[in-house]
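In each ligand, atom 1 is the first atom listed, and ligand 1 is the first ligand listed. The figures here come from the full heavy-atom set of this structure, side chains too, leaving out hydrogens, waters and symmetry mates.
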Amino acid sequence: TPVDYIIVGAGAGGIITADRISQAGKSVLLLERGGPSTGETGGWYQPDWAKGTNLTKFDIPGLFESMFTDPNDFWWCKDITVFAGCLIGGGTSVNGALYWVPSDSDFSTTNGWPQEWTDHAPYTAAMVARLPPTDHPSTDGLRYLEQTSVVVGELLKNQGYSNVTINNVPDSKDHIYGYSAYDFIGGQRGGVVATYLQTAEARSNFQMKIYTEVLNVIRNGSQITGVKTNDTTVPGGIYPLNPNGRVILSAGSYGSARLLFKSGIGPTARLFHENLTDMIDLVAGDPTAGPNLPPSSEWIDLPVGYNVSDNPSINLVFTHPSVNDYDNWADVFTDPPQADVEQYLANRSGMMAQASPRLNFWRAYGGTDGVTRWLQGTVRPGAASWNTSYPFNMTSTGIKSRGRLGINAALTALPLVNPWLVDPVDKTTLLQGLNDIASGISAVPNMVMITPDNTTNMVDYVNDYDPATMDSNHWIGSNIIGTTAGKAVVDVNTKVFGTNNLFVVDASIIPSLPYGNPHGTLMSAAEQAAAKILALAGGP
Ligand code: 6FA
């Protein structure tokens with residue numbers, strides 16, 4: 001039966017939007033291509049040591065690092081070449097869950113948001129009310145494995161940083177550090193799945209279908225009438241909309257861009273690269289997806305996939321005799337310390353109640369081009385990809401570099417132009433930040449930097465850094481919001497330009513990287529988008 005709203009993708013953006021729109025009484029169908037994640041969603045994938053409980057890999061925060069080392073990694077989208085979660089919760093079911101309450105700057109016009117979006121406070125407050133952050137996720141209120149916080153805290157204090165509770169002062173991100181904050185609840189993964197999805201599922205006007213991949217939207221010119229899926233149990237795989245119904249794409253920065261291409265919306269050779277093959281032309285050449293495209297006279301030229309940004313991430317690795325590296329989290333899934341298992345199973349406390357990050361810090365740098373950039377550091381004891389000691393990575397925001405994402409002839413989604421350190425001042429600023437940290441080491445007794453080692457200078461280290469490991473998984477901007485069609489993909493109501501009833505609500509609409517890891521900003525944006533969509537005339 002037709003519905004008022006079809007929402008594609010049960011990630012951070014899709015779940016919040018589905019909850020708020022179903023709360024308003026509209027009929028909502030949430031389509032997710034992946035399957036269950038946490039125990040609450042019917043998830044089953046668990047370590048042997050959790051057998052007999054309903055805790056899965058996705059529930060237990062201490063298993064975060066094992067997402068990257070597990071040979072049975074069914075949760076990653078196999079048709080996207082960067083990390084993207086294809087399961088209920090999307091990225092929020094597999095991520096490190098670092099959670100920052102957005103600042104005013106994160107929604108500023110300087111950051112590219114339309115004026116109508118700058119008053120984010122009520123939406124941010126609604127998000128925090130549903131999902132409060134915590135910087136002490138263990139249920140006993142204690143913090144574990146904090147040696148790295150002590151050592152790096154000393155280094156930062158020497159350099160004039162102040163120790164704060166980060167989410168109490170969202171607008172200060174210069175020379176501050178504090179304990180890492182998460183959206184874990186009760187010592188387990190919380191996020192949108194444990195909160196917004198639960199209230200949505202309690203409503204009779206809400207329905208979620210899993211293992212249901214949307215292939216394209218069905219449109220008649222500018223009017224969307226439904227979506228075509230891989231579901232063989234419904235005629236043509238088609239889910240229809242009510243006459244005034246709407247489709248909202250929340251399939252992630254790569255997923256939503258690809259869905260637009262497959263629906264005849266995006267760069268075409270006609271407009272952007274005459275005589276070359278561009279995104280929609282690639283779809284047209286595909287034997288399965290090509291026939292589902294609307295006629296070329298109805299293709300909509302928009303800069304889908306451009307304006308893409310991700311924090312450039314560089315690791316520095318140190319040793320210090322006080323630090324317990326937890327064996328680089330190598331055995332957390334198969335064979336963690338028995339005492340930690342018992343403690344966690346008893347009351348969700350201890351080592352397993354937290355992901356690897358321990359401390360975060362920020363510093364602002366004025367660039368030679370007059371633009372301020374903010375460097376974020378994330379301090380972790382051990383990590384899956386390192387074989388000794390403790391790394392932290394530095395990322396930067398306020399950056400000017402942009403890349404491009406798209407698809408190849410196999411319709412695999414991938415970066416077409418890497419977005420990291422393209423702008424020369426982005427690079428010199430990041431180098432300055434790395435050097436400032438390195439210069440503080442000698443003042444901390446027994447702290448040694450091993451990567452880069454003492455035979456490698458920082459410039460060479462950054463120049464030779466493998467771009468594949470510079471990815472912060474913070475992809476934004478591919479369906480950038482804005483006021484002008486052609487410059488932006490969606491308008492101030494998140495409606496795709498040139499359509500009557502197609503919307504995008506996910507990380508892809510965010511115009512510039514926020515100060516911190518982005519999903520806090522995204523969740524506030526989803527609250528605001530749902531309100532704007534409901535208020536927009538002409539809907540169901
Ligand atoms: N963000 C943070 O704020 N803090 C972090 O610590 C953090 N860490 C990570 C991280 O460690 C990893 C490995 C990754 C991948 C991301 C991290 N992020 C972090 C980023 C954060 O998770 C993302 O910014 C956030 O999840 C983006 O939310 P979106 O709503 O934009 O998109 P998702 O990818 O979460 O969800 C898309 C959903 O759509 C998925 O469930 C997918 O299966 C589904 N989907 C895609 N195509 C579809 C289709 N055609 N049909 C149906 N469903 C589809």
Side-chain angles (χ1 to χ4, degrees), residues 6-18 29-35 37 61 64-65 67-68 73 75-80 82-102 133 180-184 191-193 197 208-217 227-231 239 248-260 262-263 310-311 313 355-357 360 376 378 380 383-384 393 395 411 413 471-476 478-479 504-510 513-523 525-526 529:
I6 294 174
I7 300 178
V8 183
I15 287 177
I16 290 179
T17 313
L29 175 62
L30 178 59
L31 299 174
E32 165 57 44
R33 68 182 288 193
S37 50
F64 165 62
E65 292 286 342
M67 298 292 174
F68 307 98
D73 56 358
W75 49 89
W76 302 122
C77 309
K78 302 303 180 194
D79 54 7
I80 299 178
V82 300
F83 287 126
C86 268
L87 72 178
I88 296 176
T92 70
S93 287
V94 294
N95 70 15
L98 286 171
Y99 176 27
W100 312 117
V101 174
S180 300
Y182 301 94
D183 60 5
F184 297 142
V192 291
V193 171
L197 183 60
M208 176 167 70
K209 289 203 145 250
I210 58 175
Y211 299 120
T212 306
E213 182 182 357
V214 172
L215 306 175
N216 55 274
V217 304
V227 298
K228 185 173 173 67
T229 72
N230 64 349
D231 185 348
Y239 283 92
I248 301 174
L249 303 181
S250 300
S253 287
Y254 283 83
S256 288
R258 176 168 46 197
L259 274 172
L260 288 174
K262 290 169 82 177
S263 307
D310 174 49
N311 300 107
S313 167
S356 51
N360 287 92
Q376 177 187 353
T378 300
R380 293 169 287 166
N393 66 336
T395 58
L411 308 191
D471 181 350
S472 289
N473 307 305
H474 295 165
W475 299 92
I476 58 154
S478 52
N479 298 310
V504 182
V505 182
D506 60 23
S508 69
I509 68 169
I510 299 176
L513 289 161
Y515 279 141
N517 313 58
H519 93 292
T521 294
L522 168 58
M523 293 192 292

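Remark: minimum distance from atom 34 (O) of ligand 1 to any protein heavy atom is reached at Gly91 N, 3.9 Å. When hydrogens are left out, the protein atom nearest atom 2 (C) of ligand 1 is His519 ND1, 3.1 Å; that is the closest non-hydrogen contact. Scanning all protein heavy atoms for the shortest distance to atom 15 (C) of ligand 1 gives Phe83 O, 3.6 Å. Scanning all protein heavy atoms for the shortest distance to atom 25 (C) of ligand 1 gives Leu522 CD2, 4.1 Å. Counting protein heavy atoms only, atom 22 (O) of ligand 1 is closest to Asn95 ND2, 3.0 Å. Among all non-hydrogen protein atoms, the one lying nearest atom 20 (C) of ligand 1 is Asn473 O, 3.3 Å. Protein heavy atom at the shortest distance from atom 32 (O) of ligand 1 is Gly252 CA, 3.4 Å. Looking only at heavy atoms of the protein, atom 24 (O) of ligand 1 is closest to Pro518 CG, 3.9 Å.
Relative orientation of the Trp76 and Phe83 rings is tilted, given thresholds of 30° and 60° on the angle between their planes. Using cut-offs of 30° and 60° for the angle between ring planes, the Phe68 and Phe64 rings count as perpendicular.
Here the shortest heavy-atom pairing between Ala413 and Arg258 reads N-NH1, 3.4 Å. Across Met523 and Ala12, no two heavy atoms sit closer than the pair CG-CB, 4.3 Å. For the pair Ser93 and Ser37, the tightest heavy-atom approach, listed with the atom from each and the gap, is OG-OG, 3.4 Å.
The shortest N or O to N or O distance between Arg33 and ligand 1 is below 3.5 Å. Taking only nitrogen or oxygen atoms, main chain and side chain alike, Val214 reaches within less than 3.5 Å of ligand 1. Checked against a 3.5 angstrom limit, the closest N/O atoms of Ala84 and ligand 1 fall outside it. Checking only distances, Leu87 does come within under 3.5 Å of ligand 1, N or O to N or O. Between Glu32 and ligand 1, an N or O atom pair is found at a separation short of 3.5 Å. Below 3.5 Å of separation, one finds no N or O of Gly14 facing any N or O of ligand 1. By the 3.5 Å distance cut-off applied to N or O atoms, Gly13 is counted among the residues near ligand 1. Checked against a 3.5 angstrom limit, the closest N/O atoms of Cys77 and ligand 1 fall outside it. Looking at ligand 1, you won't find any N or O of Gly34 less than 3.5 Å from one of its N or O atoms.
Atoms of ligand 1 lying under 4.0 Å from at least one heavy atom of Phe68, given by number and element, are 13 (C). With ligand atoms numbered from 1 in the order given, ligand 1 contributes 49 (C), 51 (N), 52 (C) to contacts under 4.0 Å with heavy atoms of Val8. Of all the atoms in ligand 1, the ones that sit under 4.0 Å from a non-hydrogen atom of Trp76 are 13 (C). Counting atoms of ligand 1 from 1 in the listed order, those under 4.0 Å from a heavy atom of Cys86 are 43 (O). Using a 4.0 Å cut-off to heavy atoms of Gly90, the atoms of ligand 1 that qualify are 35 (O), 36 (O), 40 (C), 41 (O).
Side-chain atoms of Ser180 and Asn360 include a donor-acceptor pair closer than 3.5 Å.
The proximity of Ala97 to ligand 1, defined as any non-hydrogen pair under 4.0 Å, is limited to the backbone.
In the candidate list Ile88, Leu98, Asp183, Leu30, Leu98 is nearest to atom 4 (N) of ligand 1, counting heavy atoms. Which of Ser250, Ala525, Ser37, Gly35 comes nearest to atom 37 (C) of ligand 1 through a heavy atom is settled by distance: it is Ser250.
For atom 17 (C) of ligand 1, the nearest protein heavy atom lies closer than 4.0 Å.
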